[in-house]
Structures are given as structure tokens and as C-alpha cells.
Amino acid sequence: MNIKDYISELNKQFRTGIAREHSYRPALQQMMSSVLEDMVVTNEPARIDCGAPDYIISRKSDNIPVAFVEAKDIDDSDLDGRKQNKSQFNRYKESLDRIIFTDYLVFHFYENGELKECIRIANVVGEKIVGIDTNFDKFVAIVKSFANSAPQKITSAGRLASIMASKAKLLAETITRVLNREDDYTSLQLKGQYEAFKRVLLHDITHESFADIYAQTIAYGMFAARIHDKTPEDFSRQEAATLIPKTNPFLRQIFQSIAGYDLDERIAWIVDDLALSFAATDMSKILKGYGGNNRHSDPMIHFYEDFLAFYDPKLRKSKGVWYTPSAVVGFIVRSVDEILKKDFGLPTGLADYSQIEHEVINENYNHKVKGSKRTKLEKYHRVQILDPAVGTGTFLAETVKCIHKKFSNMQGMWQGYVEKHLLPRLNGFEILMAPYAIAHLKLDLTLNSTGYTHNTDRRIRVYLTNSLEEHHKDIGTLFSMWLSQEANEASRIKRDTPVMVMLGNPPYNGSSTNNGEWITNLMQSYKKEPGGKNSL
């Protein structure tokens, strides 16, 4: 359909006097498809109902979205998005790199939130739509250039954090809409995943908080995958599922489950758009300067704080998420090292790898079997280290650096030491998905910078769990074995591991929203003890 035929089709509907914006959608889809021969222009009602723009323009070669179109009724007076369309238009401009707003006659082209072009191809004259022939060729040229132009390179950590946050926010809003549809049987898989999280991992989770975890998992799963991608030009969500390091099996498996080939189409378009942004990211520049001693040289800190600041400042405040200066982190870690040497008689401090026997629950106990015991002795490293509010892993990473300095003249021993005596005793708990994923990346990068090479798939012992929840009994498979495994392994640390060193910087919040029954009861008893709150 050429533009003259498009104007003619609009007129057929317009002259009925009862046509609304939906009536013109087929004509616009056909016209745009004719102009963009190498693209697929789709108009999917199910996606639109869950917050997607009216049209998605995708490449035929790989089905990756390259632009979007939001259509309003003919002669809509708010194509600038300053009045009734303000909220919706702002959400799209913030989240989508390229979007066209149109009333079928005027087309506004936005790139990265900025108006790049504006062109009118027809006017309403009385009871008729009259085309502006002199603008037809220009319109075709603009549309083709807009859809085929290469994405702008992303070279700064702050910019990438902003893009990730805006797309993750749109994704979370869409997931919440899908979950809130009571009679939507096409959402059974997504709702099943929500129920599994609620029963196995995070028991007080809501639709909104699950959507947060889901969106952050995809955003940071892709980030982790992109760091390890050697051929970024063809980066996709399908490829990302295979690139997430095996040292973080939970993130790898959960990402494969929720962002793989069978992803709900009402969500997939956002994930594919995010993949396009990552394909345009210069990761070497993003990571340049990693490992320095100030905030601005550590992109992990950018992602931790900047992402949450863009994504949800209220979430950051309610969880007490604030950056700990590297000088403070270094001082605390060195102080712990000295205390272990002077007060506990451990000459190598944090590097100590002596072992002790510790009584733990016997998971194979059977009261019907004669001689079966409820507990058993197991060997543990004496200096077990736990950061219960691990954030991006800053304290654990600093601990690795502190210990590595002791091997300056024994680098040949470092590889074996890390595998046998360091990784088994570095533990961390985190309740937010974004910093959880970053902590794994940070520790991975820190270990690599010391000369350590991951020759095995031994996981880094940072777990997505609530530190202020009591350990629970092992949970069988509900949604998938890997989901139970993350909960079970975190529970075993809470229940059995003889933690000697507790370090870190707990979230700053005088009245945390993380106040489950178990920790609330513990706090009540604490307040009644000498030195507790009520004794002051």
C-alpha cells in the first residue's frame, strides 16, 4: 500500500463519522510494511493491553525490535504529550530508544527521548482527509532512515545504568499488569513462577516485588552475559541464556527459565529491545578503570546506586541501600584481619585456612534405623566469613584483595588456595536481585584480577535470600530444582555454618520494611535484655 492508497483508506473510515483510532490501525500497518520492506510491522492487541505501543517494527532477519509506533485518533491535539498523553508518552520516551507518535496524519520521531523529526502527510479539510503530496517522498526517507539507523553506542556506566533501569521499569510494570489479570489463562506460567518464588524463596513477595525481581533478573542477567560475549554484534536474549557464568548457577538457570525461547510475547518485545541496547554497548569502556579506589572508577558501584536511583528511588530508601566508601571498607577489613591475629591467635588472619569439626543436622537421619543419629560432625574452615547484607560484594571483594596481598611472594600457590581454602568460606546474603547479580560479577572480576582462573564450575557462595528470615527445612521441587537449591543452600549456611567473621555494612534504615515474624520476635527479646533499647 503506497501513501496515496493509505490516505484513501483513511478517508473510507473517516467519512463514516463513527471511526475511532482503532479503525485506522490496519491501514497504517499496511502502509508502514510497504515502506519498510526489510521489516515486520506488527499490531498485537494482547501486547497493547499490557502496556506495549500500538506497533512494533522488527527486523525480518532476526525479529529484533528496532522502533515502535504509538497511534492516537486523527487530529489528536496532544501529540507533544503535554496533556492527556503525558504519562504514557513519557514512559515510552524514557524506555524506548526509538518511537514514533502519530495521529495517522502527523508523525513525530523520537530518538533517546528527543524529538528528531516531525512531518505531516495529510490534513483534515471539512469532511475529507487531503494528502500533502509534496511530503510523501520525504516521509518515506525519514521512516527508512529512522528504522535502519544503527543504535547509538553506549560507552558510560551511568548511561547504561539509566537505559537498563528505564527498560526494566517498563518490564516490571508490564509483568505486574499480566499478573493482576485474574481470568487470563495465558499467564499461567508467569503466575506459576510467582507462586514458586513465594513458597520457596521469598515468602512475603507480592506481584509488584516479584515483577521487580523478574525485571532485574533479566536486566542484570543480560549484563552478566554481555560481559562474557565475544561477538556482541549478534547479542540476543537467547544467546544471553548460555553466556551467564556457571559460577552463578541460580542467575543462569533462572534467566534461562524466564527469558528463554518460550518467553511470554507480551514481555518478549521489551527484553529483545534491551538486548539491542546491550549489542550497542562498548563493554570495554564500561569496565575501564574497574578496581580503583574511588567511586567513579568502579562501574559496579555505578550500577548499584545509579540503577536503583533511576529504577525506583523508593525501593532504594526502603531497603537502606547506600554506598560504603572504599576507604571505610578497607579499614574494616584490615581491622578484622588484625583482630584475628592479635585476639584469636591466628597469625595469618583472614587468610587462615585451618579447619575444625562442627556438629550439624544429619539430613539422612531416620529414627526407624538403629544407630541413626540426628546430628553428625563435619569439617569446616575455622574462619568462615559472612556478609549478611552483601550488596554489590564490596566487602567480600576487599577481603579477597586483603588475602591476596599475603601471597605476593607465593603467587603459584594462589590458584589452589582459592579453590580449596577461600571460595568455601566466603559467604554472602542479599535480598535484592540487582546487587545480588552484581556481587557475583564483582567477585568474579576481582578474582580474575588476582590471577585466579575459574577452572571449575564451583559457585560463588553469594545467595539470594533474606538474612532476617530463619532457616527453613529443605524444600522439595516446586517450580524447578534450582529454585529450591538456592533456598536450601542459603538455609544450610544459616543453620549449620559456624560463621566466625561477620563483616559488612548493614542497610541504613531506622525502621526497615524487612520485618518478618522471626526477626521481629528476636528484636523484642533483645529490647528486654540489659543494654537493649528499653534499658536505655
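Side chains of Lys376 and Glu357 form no contact here, defined as non-hydrogen atoms less than 4.5 Å apart. Between Arg266 and Arg177, the closest side-chain pair of non-hydrogen atoms is not below 4.5 Å. Here the side chains of Leu251 and Tyr220 are not in contact, with every heavy-atom distance at 4.5 Å or above. Proximity of Pro151 to Leu276: side-chain heavy atoms (C-beta onward) are separated by under 4.5 Å at one or more points. Residues Thr247 and Arg459 fail the side-chain proximity criterion, which asks for heavy atoms closer than 4.5 Å. Side-chain contact between Arg159 and Thr155 is absent, with no heavy atoms from C-beta onward closer than 4.5 Å. Inter-residue side-chain proximity for Phe210 and Gln193 is flagged as met; some heavy-atom pair is nearer than 4.5 Å. For the pair Phe395 and Val390, the minimum side-chain heavy-atom distance is 4.5 Å or more.
For the pair Asp97 (side chain) and Asn112 (backbone), a donor-acceptor distance under 3.5 Å is absent. Side-chain atoms of Arg226 come within 3.5 Å of backbone N or O of Phe278 as a donor-acceptor pair. A side-chain donor-acceptor contact under 3.5 Å links Gln415 to the backbone of Thr453. Side-chain atoms of Ser95 come within 3.5 Å of backbone atoms of Arg91 as a donor-acceptor pair (strictly under, hydrogens ignored). The backbone N or O of Lys246 lies less than 3.5 Å from no partner atom in the side chain of Arg252, so there is not a single donor-acceptor pair. Thr281 places a side-chain N or O within 3.5 Å of a backbone atom of Ser277 that can act as its donor or acceptor partner. No donor-acceptor distance shorter than 3.5 angstrom exists from the side chain of His228 to the backbone of Pro245, with no hydrogens or angles considered. Side-chain atoms of Asp229 never come within 3.5 Å of backbone atoms of Ala225 as a donor-acceptor pair (strictly under, hydrogens ignored). Judged purely by atom type and a 3.5 angstrom limit, Glu430 uses its side chain to pair as donor or acceptor with the backbone of Gly391. A donor-acceptor pair is defined here as one N or O able to donate and one able to accept, closer than 3.5 Å; no such pair exists between the side chain of Asp273 and the backbone of Trp269.
A cation-pi arrangement is absent between Lys494 and Tyr463 under the rule of less than 6.0 angstrom and at most 45 degrees off the ring axis.
Nearest heavy-atom pair across Lys167 and Leu96 is NZ-CA, 4.0 Å. Nearest heavy-atom pair across Val333 and Cys402 is CG1-CB, 3.9 Å. Taking every heavy atom of both residues into account, His381 and Lys420 meet most closely at CE1-O, 3.2 Å. Summarising the geometry of Leu179 relative to Tyr194, their closest heavy-atom pair is CD2-CB, 4.3 Å, with the distance given to 0.1 Å.
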Legend entry - Pair Tyr110-Tyr92, ring-ring contact (aromatic ring centres under 6.0 Å, His included): steps then yes or no: CA-CA 10 Å; Tyr110 281 85; Tyr92 288 153; over 10 Å; no

Legend entry - Check against side chain to side chain contact (heavy atoms under 4.5 Å, CB included), Tyr311 and Met164: CA-CA 8 Å; Tyr311 180 71; Met164 286 171 60; over 6 Å; no

Inset, instruction - Apply the test side-chain hydrogen bond (donor to acceptor under 3.5 Å, both in side chains) to residues Tyr380 and Asp496: give CA-CA distance (whole Å), side-chain angles for both, the deciding distance (0.1 Å), then the verdict. - result: CA-CA 10 Å; Tyr380 282 86; Asp496 295 335; 4.8 Å; no

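Glu338 and Lys341 are joined by a salt bridge, as a carboxylate oxygen and a charged side-chain nitrogen come within less than 4.0 angstrom of each other. We find that Glu94 and Lys169 are not joined by a salt bridge, their nearest charged nitrogen and carboxylate oxygen being 4.0 Å or further apart. A salt bridge does not link Lys405 to Asp337: none of the charged nitrogens lies less than 4.0 Å from a carboxylate oxygen.
Atom OH of Tyr353 has 12 or fewer heavy atoms from other residues, nucleotides or ligands within 6.0 Å. By the 6.0 Å contact criterion, CG on Asn409 is open, its count of non-hydrogen atoms from other residues, nucleotides or ligands being 12 or less.
With Phe344 as the fixed residue, the side-chain contact (heavy atoms from CB on, under 4.5 Å) test singles out one of Val501, Ile339, Asp352, Val383: Ile339.
Between the side chains of His404 and Gln411, at least one donor N or O lies within less than 3.5 Å of an accepting N or O.
Here the CG atom belonging to Leu170 is positioned 4.0 Å from the CD1 atom belonging to Ile270, to the nearest 0.5 angstrom.
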